[in-house]
Amino acid sequence: MADWSLTGSLEERAETALRFAQQQVLGLITNHPDYFPLFTEGGKWKHGKESWTNWCEGFLGGQMWIFARRFGDEAWRERAIHYSRLIEERQHDRNVHDLGFLFWSTWRRWYEIDGDPELQRRVITAGKTMGLRYNEHGKYLRSFVAPESCFIDIMMNVGIIFYAALERGDDDLLARVTNHCLTTRRYLVRGDGSTSHEGIFDVGTGEFLRQSTHQGWRDDSSWARGLTWALYGFGTAYKFSGDERFLDAAERTADFYIDRTPANGVPPNDWEEPNPVRRWESSAAAIAASGMLQLATLTKDPARATGYGTYARTILDTLLTPEFVAVDTPGWEGILRHGSYHERLGLGVDESVMWGEYFFCEALDKLLGAPAAG
Ligand code: GLY
């Protein structure tokens with residue numbers, strides 16, 4: 001029986017968690033081949049609950065690419081290729097605003113390892129497809145729910161659009177993605193660094209009408225995961241563009257997160273919800289950890305760099321315990337417990353969620369640095 005005791009230094013616990021993660025992913029794909037779940041129900045991946053939208057099909061392959069690279073494991077590489085190929089046609093999917101989630105975690109990782117331009121072509125096509133969501137009047141990329149809707153979540157998908165625009169020298173696409181980031185910054189990032197989940201616009205005139213939410217507590221409240229998409233996404237937008245307005249937005253959202261979250265680094269689903277029934281939304285914490293590890297490398301202020309790096313370690317110190325990593329929860333099929341997808345619809349509440357698994361593995365991979373040679 002494997003020893004999953006989460007003891008030792010943070011790095012040793014991260015190594016243990018990544019070994020445990022491989023066991024859990026192997027269990028999922030062995031029990032349910034070619035199946036793409038979003039969240040567990042009672043800790044089980046296979047259940048009859050709906051998905052609301054299909055945006056998670058890259059995270060399983062993405063975890064496999066992380067394992068393949070870190071452990072130099074040919075079996076994980078073959079599985080990663082298989083699960084990447086399963087989503088290949090999604091590069092043309094115009095029904096979701098999530099092609100960054102799908103292709104940045106899979107085909108981009110594959111391309112970075114192999115350097116084959118054919119792999120890069122899928123990534124660029126996915127980025128261009130995302131650009132087709134642009135509303136000229138409102139200067140935003142529309143969400144999957146309606147033409148008048150712009151989600152904060154889309155910020156986590158702008159990296160692939162910047163990438164496609166810059167690789168192909170496509171100025172029109174570059175203008176679209178830049179404008180989307182500026183529109184999001186203006187209407188969805190508030191003065192105190194909190195974020196709104198959704199902006200509603202007049203489709204014809206582009207007039208901004210109001211803030212709204214689907215997964216947060218209230219239209220004027222602060223849904224934690226949405227803010228972490230902004231924190232990470234604005235950092236990525238800065239990385240590609242060098243536009244300091246985006247770095248400023250990333251820092252303000254990160255500062256709000258640090259300011260408003262309990263000392264252990266794990267927020268509830270919404271910071272404004274009075275006495276939250278569930279104390280934790282662990283996927284937001286995992287995204288924040290990975291986003292802050294990136295931001296620590298981008299910020300120009302050495303004190304901020306140290307602060308974001310230290311805070312990311314605080315989050316991971318909390319997550320790398322049996323309360324969160326399911327090492328002591330018999331029969332639990334996920335890696336990270338206490339995530340939430342959609343509380344209002346009752347979907348994936350206090351469960352393992354596929355993006356939580358992916359960004360947790362990504363944060364641990366970043367924490368551990370480059371894999372040892374040989
Ligand atoms: N992008 C959907 C979510 O964060 O739940």
Side-chain angles (χ1 to χ4, degrees), residues 36-41 49-60 62 87 90 93-106 126 130 133 140-146 149-161 180 184 188-189 194-199 211-217 219 221-234 236 253 257 266-271 273 278 280-291 334 336 338-360 362-363:
F36 291 103
L38 272 80
F39 54 87
T40 60
E41 181 70 8
K49 290 233 167 170
E50 59 152 309
S51 53
W52 189 44
T53 171
N54 296 312
W55 61 287
C56 291
E57 292 76 5
F59 295 135
L60 201 43
I87 64 168
R90 298 286 300 278
D93 186 349
R94 297 188 58 179
N95 294 319
V96 298
H97 56 242
D98 305 297
L99 297 188
F101 286 129
L102 274 93
F103 284 83
W104 204 245
S105 47
T106 52
M130 282 289 295
R133 311 189 70 78
Y140 63 88
L141 300 163
R142 57 157 291 187
S143 82
F144 84 97
V145 296
S149 156
C150 171
F151 273 20
I152 195 75
D153 318 36
I154 298 171
M155 277 310 302
M156 198 62 192
N157 292 274
V158 299
I160 199 168
I161 314 176
H180 173 82
T184 304
L188 275 68
V189 181
S194 68
T195 56
S196 164
H197 183 180
E198 182 184 38
Q211 295 186 346
S212 171
T213 195
H214 295 262
Q215 286 150 283
W217 177 60
D219 289 347
S221 70
S222 310
W223 175 46
R225 190 164 64 258
L227 181 134
T228 64
W229 294 139
L231 183 171
Y232 199 153
F234 274 110
T236 302
T253 52
Y257 185 105
V266 183
N269 187 61
D270 191 309
W271 281 284
E273 184 185 346
R278 287 162 215 92
W280 299 306
E281 207 294 77
S282 63
S283 76
I287 298 157
S290 193
L336 189 65
H338 303 310
S340 274
Y341 179 30
H342 201 313
E343 291 202 356
R344 290 174 181 213
L345 295 180
L347 301 175
V349 179
D350 201 15
E351 294 287 343
S352 288
V353 294
M354 192 46 78
W355 57 95
E357 313 282 85
Y358 172 77
F359 286 104
F360 183 50
E362 184 186 75

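As the structure lists them, so they are numbered: ligands from 1, and atoms in each ligand from 1. These figures come from a predicted structure and were not determined experimentally. Just so it is clear, the values below take in all heavy atoms, side chains as well, and ignore hydrogens, waters and symmetry mates.
Residue F39 places every heavy atom at 4.0 Å or more from ligand 1. Remark: distances from the non-hydrogen atoms of F151 to ligand 1 are all 4.0 Å or more.
A donor atom on one side chain and an acceptor atom on the other are found under 3.5 Å apart for D270 and S221. Between the side chains of H197 and D219, no donor-acceptor pair of N or O atoms lies under 3.5 Å.
Per-residue contacts place Y341 under 4.0 angstrom from the following atoms of ligand 1 (heavy atoms of the residue considered): 5 (O). If you number the atoms of ligand 1 from 1 as listed, the ones under 4.0 Å from a heavy atom of Q215 come out as 3 (C), 5 (O).
For ligand 1, the polar-atom distance check against D153 finds a nitrogen or oxygen pair separated by under 3.5 Å.
Contacts with ligand 1 closer than 4.0 Å are made by no heavy atom of W355, backbone or side chain.
No more than 12 heavy atoms of other residues, nucleotides or ligands lie within 6.0 Å of CZ in R94, so this atom counts as exposed by the packing criterion.
Considering every non-hydrogen atom in both Q215 and N269, the closest pair reads O-ND2, 3.0 Å.
Between F144 and F151, the ring-plane angle classifies as perpendicular under the 30° and 60° cut-offs.
Of the protein's non-hydrogen atoms, the one nearest atom 3 (C) of ligand 1 is R225 NH2, 3.3 Å.
Remark: aromatic rings of W229 and F101 are close, center separation under 6.0 Å.
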